[in-house]
2 protein chains.
Amino acid sequence: MELRQLEYFLMVCEVNSFTRAAERLYVSQPAVTSAIKSLEDELGIQLFDRTLKQAVLTSEGQVFYKHIQHVMHGVSQTLSEIDNLKNLNTGTIVLGITPLAGIAPLPQQLAAFAEIYSDKTDRRG
Amino acid sequence: MELRQLEYFLMVCEVNSFTRAAERLYVSQPAVTSAIKSLEDELGIQLFDRTLKQAVLTSEGQVFYKHIQHVMHGVSQTLSEIDNLKNLNTGTIVLGITPLAGIAPLPQQLAAFAEIYSDKTDRRG
DNA sequence: TAATATTACGTATTACGTAAAGATT
DNA sequence: AATCTTTACGTAATACGTAATATTA
């Protein structure tokens, strides 16, 4: 099971069509068919009913859908948080000071840092 | 980002070593190195500090770890639920009856079904 | 030097697109 | 007939293992 397959799966669920899902994912229809098929094979269940004009979830597919929605939401949140870390919107600064260095230059350095990131710094006292 | 990479990542976190993670995953060390490295490249952050003898999470790695734990737990739950569905431990039976068929044979048929799956049937009235 | 992680490289797997065929209304 | 899905197949990308190299205590 791969995230790519799950992504394709959610898209097919949303648009109820392999063709339209492929369009939105910017891949070919066969790519979607193949991904969903291998997913079904691995899970050992059929996810969609293709007998109708629309691709509609089977009852098992519905169960899978609910779970996978949560999983992919978690993935999204993870990537967002990582992006925040990279942009320094979130983060923790660890200060280490040796006795010899002294604390004399500290206030000035902290002020300089806060100045640079003035729009992003949360000054707690 | 792929589930395989996340699986490798969690294992390295657990054992604090690429070598031991590889052993537990039944793959070679280079496979783990490569998977983690491509994950780091894609995320744009460094997940582990390798300067020490042990592979230890960076601060960003710790954030990623917490999120991914939840994601993978969700994946596990999903697979468990699907297994339950396949084993008929969970499921919904939809009954459809046409007027012509009549309801006369129904009680007998339901009784027969409940008999077969007596250990798994939740009879609600 | 002993233990650990990385790099190099050849092989096998597979995701993809194009083209053709099958299936349902 | 028209629309949607699947199958066939060739190509490009990549996951893996073995072997060699680098790095740190």
Side-chain angles (χ1 to χ4, degrees), chain A residues 1-62 64-65 68 71-72 75 79 96, chain B residues 1-62 64-65 68 71-72 75 79 96:
Chain A
M1 198 165 81
E2 299 165 29
L3 290 180
R4 178 188 50 81
Q5 293 172 311
L6 302 181
E7 188 184 339
Y8 288 14
F9 168 72
L10 288 188
M11 186 60 81
V12 174
C13 291
E14 283 180 25
V15 300
N16 282 301
S17 158
F18 282 58
T19 301
R20 287 195 296 277
E23 288 169 1
R24 293 211 191 179
L25 293 164
Y26 301 102
V27 296
S28 65
Q29 292 95 330
V32 178
T33 291
S34 174
I36 301 295
K37 183 182 263 296
S38 63
L39 183 57
E40 288 177 325
D41 286 350
E42 181 179 345
L43 294 173
I45 61 174
Q46 193 176 351
L47 294 170
F48 292 101
D49 180 2
R50 287 97 151 169
T51 60
L52 307 172
K53 201 91 180 186
Q54 288 197 334
V56 58
L57 281 170
T58 62
S59 59
E60 287 120 352
Q62 288 175 25
F64 189 69
Y65 177 62
I68 294 305
V71 168
M72 295 306 273
V75 170
L79 296 179
Chain B
M1 197 165 81
E2 298 164 28
L3 290 180
R4 179 189 48 83
Q5 292 173 311
L6 302 180
E7 188 184 338
Y8 288 14
F9 169 72
L10 288 188
M11 186 60 81
V12 174
C13 291
E14 283 179 26
V15 301
N16 282 302
S17 158
F18 282 57
T19 301
R20 287 195 296 278
E23 289 169 359
R24 293 211 191 179
L25 292 164
Y26 301 103
V27 295
S28 65
Q29 292 95 332
V32 177
T33 290
S34 174
I36 300 295
K37 182 181 266 295
S38 62
L39 183 57
E40 288 177 325
D41 286 350
E42 181 179 345
L43 294 174
I45 60 173
Q46 193 175 350
L47 294 169
F48 293 101
D49 181 2
R50 286 96 152 169
T51 60
L52 307 171
K53 202 92 181 186
Q54 287 196 334
V56 58
L57 280 170
T58 62
S59 58
E60 286 119 351
Q62 288 174 27
F64 189 68
Y65 177 62
I68 293 306
V71 168
M72 295 306 273
V75 171
L79 296 180

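All values below were derived from every heavy atom in this structure, side-chain atoms included, with hydrogens, water molecules and symmetry-related copies excluded. Proteins get letters first, then strands, A, B, ... in listed order; numbering begins at 1 in each.
- Using modelled atom types, one side-chain atom of A/Glu40 and one backbone atom of A/Leu47 make a donor-acceptor pair closer than 3.5 Å.
- In this structure, CG of A/Asp41 is placed 18 Å from P of C/dT13, rounded to the nearest angstrom.
- Between the CD atom in A/Glu7 and the CE atom in A/Met72 there is a gap of 5.5 Å [rounded to 0.5 Å].
- Protein atom CD of B/Gln54 is 16 Å distant from nucleotide atom C1' of D/dT23, rounded to whole Å.
- The side chain of B/Arg50 lies closest to C/dT6 when the candidates are C/dC16, C/dG17, C/dT6.
- A heavy-atom distance below 4.5 Å is not found between the side chains of A/Val27 and A/Met11.
- Atom pair A/Leu52:CG and C/dT25:P shows a separation of 7 Å (rounding to whole Å applied).
- Using a 4.0 Å heavy-atom distance criterion, A/Thr51 is classed as a sugar-phosphate-only contact.
- Between A/Phe48 and A/Phe9, the ring planes lie tilted relative to each other; the angle falls in the 30° to 60° range.
- No engagement by B/Gln5 is indicated, since no non-hydrogen atom pair under 4.0 Å with the nucleic acid exists.
- Minimum atom distance to the side chain of B/Ala55 is reached by C/dA5, of the listed D/dT5, C/dA5, D/dT7.
- Contact check of residues 7-21 of chain B against DNA chain D (heavy atom, cut-off under 4.0 Å) returns B/Tyr8.
- When the nearest nucleotides of DNA chain C are assigned to B/Ser34 and A/Ala31 by heavy-atom distance, the more 5′-ward of the two goes with B/Ser34.
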Quiz item: Does the pair B/Arg50 and B/Ile36 meet the rule for a side chain to side chain contact (heavy atoms under 4.5 Å, CB included), with working shown?
Solution: CA-CA 12 Å; B/Arg50 286 96 152 169; B/Ile36 300 295; 3.9 Å; yes
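- Atom pair A/Glu23:CD and C/dG17:C1' shows a separation of 15 Å (rounding to whole Å applied).
- Straight-line distance from the CD atom of A/Glu2 to the P atom of C/dT14: 9 Å, rounded to whole Å.
- For the pair B/Leu25 CG and D/dC16 C1', the computed distance is 13 Å after rounding to whole Å.
- Exactly one residue among A/Leu3, A/Leu6, A/Val71, A/Ile68 makes a side chain to side chain contact (heavy atoms under 4.5 Å, CB included) with B/Val75. That residue is A/Val71.
- Distance B/Gln46 CD to C/dT6 P: 9 Å, rounded to the nearest Å.
- The CD atom of B/Gln46 sits 11.0 Å away from atom CG of B/Leu57, with the distance rounded to the nearest 0.5 Å.
- At the heavy-atom level, A/Val32 lies nowhere under 4.0 Å from the strands shown.
- Proximity of A/Leu79 to B/Met1: side-chain heavy atoms (C-beta onward) are separated by under 4.5 Å at one or more points.
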Exercise. Could you walk me through whether A/Glu2 and A/Glu42 pass the side chain to side chain contact (heavy atoms under 4.5 Å, CB included) test, one step at a time?
Key: CA-CA 11 Å; A/Glu2 299 165 29; A/Glu42 181 179 345; over 6 Å; no
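- The phosphate of D/dT5 (OP1 or OP2) has no side-chain N or O of A/Lys37 nearer than 4.0 angstrom.
- For the helix from C/dT1-D/dA25 to C/dT25-D/dA1, the rotation axes defined at the first and last 5 base pairs enclose an angle of 30°, given to the nearest 10°.
- Picking from C/dG17, C/dT7, D/dT6 the nucleotide with the shortest atom distance to the side chain of A/Ser28 gives C/dG17.
- Contact of the B/Tyr8 side chain with the B/Leu39 side chain is not registered, since no non-hydrogen atoms from C-beta on lie closer than 4.5 Å.
- Distance CD (A/Gln29) to C1' (C/dA19): 12 Å, rounded to an integer number of Å.
- In the set C/dT6, D/dG17, C/dA19, the nucleotide with an atom closest to the side chain of A/Pro30 is C/dA19.
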